Amino acid sequence: MSIPTLLFIAFVIFMLLELAPGDPMSQMPLTIPPEVKEKMRLALGLGEPWWVRFPLWLRQFFIVEPQYWIDAIFGTNFADGAQRIISFQSRSPVFDTIAQRLPQTLWVVGMSYIVGVLIALPIGIISAYKQYSVFDQTGTFVSMIGFSVPPFFSGVLLIVIFSVQLKWLPSIYDTTHVVTSWDSFVFQLRQMIMPVMVLALQTTAQVSRYMRASMLDNLSQDYVRTARAKGLSESTVVMKHVLRNSMIPVVTVIALGIPSIFGGAIITEQIFKVNGLGQLLIIALQGNDIPMVMTITFLLAVLIVVMNLIADILYGVLDPRIRYD
Amino acid sequence: MTDNTLEMNEKPRSQWLDVWDQFRTHKGAVLGLGFLIFITLFCTVGPLIWDVDAAKLNIRNKNIRPIYMALFDSGAKVSWSNPMGSDNLGRDIMANIMQGGRISLAVGWTAMILALLIGTTVGVLSGYFKRLDGLLMRFTDLVLALPLLPLLLVMMLLFRDPLRSTFGPEQGIFILIVTGIGITSWMQTARIVRGDVMALKEREFVLAARSIGTPARRMITRHLLPNVMSPIMVSATLGLATAIITESALSFLGLGFPSDFPTWGKILFDSVDRMTSFPERVIWPGLAISLTVLSVNYIGDGLRDALDPRIRGL
């Protein structure tokens, strides 16, 4: 099921780029004579029709690129100098550029997701346990704000408050910074606070809502009354019995949310000037760099499909009542 | 006996009157509705009262601070002719925000309606006709697996110039953004509507209608659609909120409307470079976006409660 989906997605992205009237040569100066332009098109690999180039791209993505990775790790020679996916802009392999940019994005996105989930879980649990209390009302309001305030405003607002007015935190994320000492570690921490918090706010809003709803579902179940009736302490009932059962749907929501946070990173990276994948995508888009755009978009699609699969499997593992045939 | 007389005296109540009564008890939803009406009036009627041309350049009056800055800093350059200040080219910010709000709200509403139309059609068709169900739902799942924001960006970039030359700079981009958002946000509605239609199909009134020979077309328009109105309305509010945010995000990434054409996201994007000295220029449009979306979300919350008959009347 996943593989046809991926093939379909690859085809959709490819055809969108193919059918679009935009031309990678449109940015070139008009003084270039037409026959030279035609040669440049051929050099970019645009001479062949789409039914030749699409399987070629698939081959490069799924066979040639992994071969190069294996070669790089084990020193073998599977790839044998086969053509890799080449960026129009930098004329270097697309995956090399992505490998350079990935760590920055993973740091910011990964940290923010972990922070967001860690904040969201206790909020969800307490909100459900003390339903309609002041804490619950505040939690609802804050998550409503998290849903409503777009990252490009919350990010800019944080910069205005903490960088411009209070001058506490740097507004630009310096990716060349290397942690070598305590001071540089503190600097790294300070520059990460804002991007991480902006992304974490969105995660927190979503996950805490799901956690609360799931806890509420379980708190009214019969087994909770039984557990209380046999004299278990309240903390055992809530933290062991209810929490474990409530985590089942929440874990899948957490898995499903990972791709969307990468989407959010596109905007956040633009605000804090992190040179990660999102910024790479924007630059590639503006430069009509079709192989780069195609590869990054497709990688995101792979991430979505893989996370869906993981969520399905996790659900089956965590909840023995559900089995897939 | 008393019960009977009470019932006799009560006026006949329609379903929507009940919904409205329940809706009114949700404080956040009422506030949200109030704010949405206010901001809509501000953007539609506002320019009639505050009739300053949003695009008019006035270099002499550039970089005026908002009027409230005079309270903190007596030396600030303020002027009653530009109560929210003016930008680096002397354009009035209040007029720009009104103009931008018109576009942002128009994009939001149209894209939401388009998404609802597609979503409801797909949902009803796949819920009602068994033959189409597998195919349409498989398609919905495929679209859900697409990375939507990058694809939207790609669409914006690639189709911008041709549409601009066919329909003119503003119309072309408007059509592009509305279609783009519309065709990437209908999937949730389709799923919800499909589920509800499938449940309704098993009910007795549908069986009764079918037994008197109601054709499929009238079955859908008379019996099914009115009964799935409530989930559609709730997803309409969610759709409006996401459409406004997506449009602003596109503008913010520089792939939305052209630069001399204000929308809230565009004003925000243009002001980011100067936010160190003029923070108000990012705060006003940002607040407008956030508060509008917040109020729409609250309306959705209230609607969901009001339309749920299990809660209503308690």
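Below, chain A is the first sequence line, B the second, and so on; all start at residue 1. The figures that follow rest on heavy atoms only: side chains count, while hydrogens, waters and symmetry mates do not. Please read these numbers as outputs of a predicted model, since none were measured by experiment.
- In this structure, no portion of F269(B) lies under 4.5 Å from any heavy atom of chain A.
- Neither the backbone nor the side chain of F298(A) comes within contact range of chain B; no heavy atoms are under 4.5 Å apart.
- Contacts between I159(A) and chain B at a heavy-atom distance below 4.5 Å involve the side chain alone, from C-beta outward.
- Contacts between S295(B) and chain A at a heavy-atom distance below 4.5 Å are absent for every atom of the residue.
- Side-chain atoms of W264(B) come within 3.5 Å of backbone N or O of I97(B) as a donor-acceptor pair.
- Among I13(A), I145(A), N308(A), I267(A), the residue making the largest number of heavy-atom pairs under 4.5 Å with chain B is I267(A).
- Counting heavy atoms of neighbouring residues, nucleotides and ligands inside a 6.0 Å radius, atom CE of M137(B) exceeds 12 of them.
- Here N297(B) is the residue among D301(B), N297(B), L268(B) with the most heavy-atom pairs under 4.5 Å with chain A.
- Residue Y210(A) places its OH atom among 12 or fewer non-hydrogen atoms of other residues, nucleotides or ligands, all under 6.0 Å distant.
- Contacts between F152(A) and chain B at a heavy-atom distance below 4.5 Å involve backbone atoms as well as side-chain atoms.
- Per-residue heavy-atom pair counts under 4.5 Å with chain A were compared for L253(B), L144(B), V282(B), and the maximum is reached by L253(B).
- Only the side chain of I282(A) comes within less than 4.5 Å of a heavy atom of chain B; its backbone N, CA, C and O stay farther away.
- Per-residue counts of heavy-atom pairs under 4.5 Å with chain B were compared for V293(A), I266(A), L157(A); the largest is that of I266(A).
- For chain A, the nearby parts of L146(B) are the backbone and the side chain; heavy atoms of each come within less than 4.5 Å.
- At least one donor-acceptor pair under 3.5 Å links the side chain of T242(B) to the backbone N or O of G239(B).
- In this structure, W186(B) and F139(B) have parallel ring planes: the angle between them is below the 30° cut-off, well short of the 60° mark.
- At most 12 non-hydrogen atoms from other residues, nucleotides or ligands lie less than 6.0 angstrom from CZ of F141(A).
- Side-chain N or O atoms of E269(A) include one that pairs as donor or acceptor with a backbone N or O of G278(A) at under 3.5 Å.
- Contacts between A241(B) and chain A at a heavy-atom distance below 4.5 Å are absent for every atom of the residue.
- Between R138(B) and D141(B), none of the side-chain N atoms (NZ, or NE/NH1/NH2) sits under 4.0 Å from a carboxylate O, so this pair counts as no salt bridge.
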